[in-house]
Structures are given as C-alpha cells and as structure tokens.
Protein chains: 2
Amino acid sequence: MGTTQPETVPEPKYWHLKTVLSEALDRDFAVGEVLPNERELAARFGVARATLRQALEQLELEGRLQRRRGVGTTVAPPRVGVAVGGARQGWPGEGADGWEAVDAAEALPPAAVVGLLGDAAEQPVHTVRRTRVTHGQSVAAELLYVPTDSVPGLSAIDAPAGPARARAVLRELQRLTLEGQDRSVELGSARADDAKELDRLPGAPVLVVTTRYFTAAGTAAVSVATYRADTCRLTFGDSGVEIAHEDRAAS
Amino acid sequence: MGTTQPETVPEPKYWHLKTVLSEALDRDFAVGEVLPNERELAARFGVARATLRQALEQLELEGRLQRRRGVGTTVAPPRVGVAVGGARQGWPGEGADGWEAVDAAEALPPAAVVGLLGDAAEQPVHTVRRTRVTHGQSVAAELLYVPTDSVPGLSAIDAPAGPARARAVLRELQRLTLEGQDRSVELGSARADDAKELDRLPGAPVLVVTTRYFTAAGTAAVSVATYRADTCRLTFGDSGVEIAHEDRAAS
DNA sequence: CAGTGGTCTAGACCACCCG
DNA sequence: GGGTGGTCTAGACCACTGG
C-alpha cells in the first residue's frame, strides 16, 4: 500500500470551478441575473477569493459573465454579431453601418501605423475617431489615419474641431476610387482611451481589426478598430447570411 | 498644506509595470532572449510576484512574451499573419494551405454546432480533425463537422481510422459545388484537447473562427478552428497584399 | 453609507523541464 | 537535482456604485 491510484494529473481548482459554474449558469440563471458576490461564492465553494476570481475571469473572457465594480457580476447576453464586411466593401462612413464620427485632428502617426501606410517617411495624417454602436451598446472604437496628401481637397483648417471635421475628412476620402483593401484581426488589450470609449477597464481584451484602404496611388488610409472581445463576435459574411449562434462555439 | 497634488487616480502597479517592461523589451531585449525569472523580477521592481505576474500575463496576451513552465519567459517573435481567406475561397483541404488532416470519426455533433448546421434534428456527422502549421509551429486546431448525408458517397467504414479517413471525407466534400460561405471570429479559451494540439495550457486565449460552407442543398459543413491568440494575426486579404506589420498595432 | 469588484501582499506547494 | 512558471491561500486595502 502507500501508493494511491495512478491519479491522473489533478485538474486545477479554478478550471474545475469554471466548469461547475458554467453548468450552473446554463441551468439556474437567466441572462442579466446577478450572481452572489465573490466573497460568498468563494466561501460556498471552499476556495480563496483569488481562485474563484480566476474562474470568473475565464468565464468573462468567454463572454458568459459581465463584472462591474461597485455593482456585481451578472450573466452576460449572447455575444452580438457585428458585421465587419468580408468582401469588397467601401470607404469608411459609406452607408449607415453604426459608425459615428467623434472627432478629428492632424498629427504625426504612431510608429506602428507608419509601416502600414507604406512610405517610410513620416508624413502628417488626419486622425479621425469613430465609435460604433450596436443594439444600444458601444462595441468598438476606431482610429482612422488618413495621410493629408490622400485628401488634398481638405485644407488644414477647413472645419472646426469635433464631429463636423471628422465627417469632412470622411467625405473627402469617399471621393477617391477605392481599389482594394485588406484586413487583419488580432487580440489586444484596450488602451486607456479606448477602454473609456468602450466602458471597460484599461487592459480589457479587445479584437483589433486593422484595415488598409488602397487606391491606385497606394495606401490611402489605415483604420485600427478595437472591438470589445467579451461582447462581440466579428462576422465576415461573404454570402450575406447571418450566422445564428444558438449556443456558444468557444469552450 | 496637508493637501497633496490633485493626484490623478493612481495607476495600478501592474499597469505601470507592464508599460515599463514593454519599453525595456523594445530597448534591451532581442527576440528569443530569456528574461530573469519571476521571483527576481518581482524583487527588482519591489512588488509581489502575483503583481509582477499580472503584468506578464498582459504582455503575453499581447503576444510580446512567451512563458513556458520549467523553462522560463522569453521575448516572443512578432505575430505571424495567417491567411484565413476573406473572399470566396473553396472547400477545406483544397490547395496546400498548411492544414494537415489528423483523424476522423462519426458521431453526433455538439449542441453548439447543431444550430449552425441549420436543420434542427440531430443527425450524425463526420468529425474531421485538422491541424495547421505555419513557419514550423502549429497555430491552429480545427474540428470540421460534415453531416453524413452531405457526402452520401462515403460509406461509414470506407476507410480505416486516422489521417486516411480524414482525407477521404475531405475528398468527398470537394466533389460538391460550393455556393458560398460565411465566417465569424470571436475570442475563446482553449479546451483541453485543443490546448494539447496547440502546445498551450488549457484556458489559453484563442481566436475561434467559425465557418459555414453552403451548397444549393443548404449547409454542407461547419468548421470550428481555434487559433493561438498569442502568436497569430488572422489576415483577410481581399487584395492579395500581405500586411507588413513592422510594429504592433495593439496597445 | 454599505457593498461590490479591483488590486496587492507574502507566503506555500505543485508540475514541469533539463542537465 | 535545482530552477522555472502555475496554482492556491488568507488576509488587507482601494475605487467605484448605488441608495
């Protein structure tokens, strides 16, 4: 004796906890319902609060929970599908797609964007801020970078600051002929400014969608849009058919 | 006196730490280089290890670090761009796209997939496992669900288990006429089996790409592919131009 | 104000990797 | 083995929300 069972590797407590909680959510809770607070949940499961939090964090990452300081933890609604446009689309701001221009300014682009714009030399760009609202909640914050020489028709002090100026830049952009675009999606964490716009804490997980817009003259604009990863599912419909997620695909 | 400066809200330590580390990485470390271990880093910055770990976690999430138990923390190479095919593409397995068939079996699909397949009634599906390798590292694990009546030419015991059988299913699928497809991307956490395939711990962040393949008869197949979120940038190039990320777009 | 989640600590033990 | 990151604990205090 002395030897116990072969004992498969012990599953971490937080992982097991997550599973248990996940099943409890499916079974006993409705969307929007408030969970018991963390201290009580931890006590109920006989673990430290930090361990319980590790499980909650995972569930929030998967979009099943929503936690707000001072309020509590609630059961999240299913993720909303936001169309990002897979096939040839159009300039930003064309059509009513939920985007709202917020502001615009002229500045030098950050290093990360310079590479995407192609030409090595730093040239000033119009920086347009937009926000995307779907189903009453803001799901994305975007920074659009438009080199000033892409839109020569726009003099620097053409419009006053604010939404009007942002829309002016978009209007000029739409006068150009769009030759193509490409997109990439990656995981990031929200910068402080984006986090504020998205009503999340800094560092919250976001899906970063980077889009380059091409004209015959080269890259005319670059858009960096950050979507709330907890509440959004990005859709790239080539067929126009909406995906009807009845359940969650992620584990 | 007695009153200090207005004192903007104190930045969390881990957030500040993350910034400091991030700059240090850019300045003093090369890709692949090993960082000092967590206990020493924590001591050096005068914080508890848990706090230091919170900063490292963020940096790993952003693809800047790579941590492996028993080995250490190393500076991660830039994310690899993996083409996911934005425009009309083709059946899975057409062309050499880095996917490798692993195995296949016949079973009832999970509830989450039933909804995507359209017809309410549960029908048996071929479940094909594939793995995607790019630049020598496995970046994605896929489960492809093909209803048995989508590929009537394939009798149940047509091929022995293993890669051969998986390829047989794909071959049958490719005989059909693809009418369209749509895709969605969302954040998830790796299930135990996917994690193993991706050489990560369970719960690691992944980008879940769900694709539906349509024929005139309806949804002929559903693919759920999980990509390593730490090392991958999904590209949807409509123009065929590769995005050359010289720097990181995420904060 | 009381109650919530968010941050932080100082310690412990475990699972894994490699020489 | 010795060293790494991964898990877990039992506390403490802080920042925010709401009545």
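Throughout, protein chains are lettered first and strands after them, A, B, ... in sequence-line order, and every chain is numbered starting at 1.
- Side-chain atoms of B/R183 and B/T210 form no donor-acceptor pair, as typed in the model, at a separation below 3.5 Å.
- Taking both residues in full, the closest heavy atoms of A/Y14 and A/T51 are given as CB-O, 3.8 Å, listed atom of the first, atom of the second, then distance.
- For D/dT4, the OP1/OP2 oxygens have no side-chain nitrogen or oxygen of B/T73 closer than 4.0 Å.
- Between A/R64 and A/D26 there is a salt bridge, since at least one side-chain N of the basic residue sits less than 4.0 Å from a carboxylate O of the acidic one.
- The phosphate of C/dG3 has neither OP1 nor OP2 within less than 4.0 Å of any side-chain N or O from A/N37.
- Every residue meeting the salt bridge (charged side-chain N to carboxylate O under 4.0 Å, His left out) condition with A/E38, not counting sequence neighbours, appears here in chain and number order: A/R49, A/R53, A/R67.
- Contact check of residues 47-61 of chain A against DNA chain D (heavy atom, cut-off under 4.0 Å) returns A/V47, A/A48, A/R49, A/A50, A/T51, A/Q54.
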Below 3.5 Å between N/O atoms, which protein atoms pair up with nucleotides 17-19 of chain C? Just atom names and distances, please.
none

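- Scanning for salt bridge (charged side-chain N to carboxylate O under 4.0 Å, His left out) contacts around B/D193 gives B/R129, B/R191, with sequence neighbours left out.
- Side-chain N/O atoms of B/R67 include one lying less than 4.0 angstrom from OP1 or OP2 on D/dG6.
- At whole-Å resolution of the value, CG in A/L65 and C1' in C/dT4 are 15 Å apart.
- Remark: B/Y14 is in phosphate contact with C/dT7, judged by side-chain N or O atoms under 4.0 Å from OP1 or OP2.
- The two residues B/V75 and B/A30 come nearest to each other via the heavy atoms CB-O, 3.5 Å.
- With sequence neighbours excluded, the residues forming a salt bridge (charged side-chain N to carboxylate O under 4.0 Å, His left out) with A/E40 are A/R44, listed by chain and number.
- Looking at residues two or more places apart in sequence or on another chain, you find a side-chain hydrogen bond (donor to acceptor under 3.5 Å, both in side chains) between B/S223 and B/E142.
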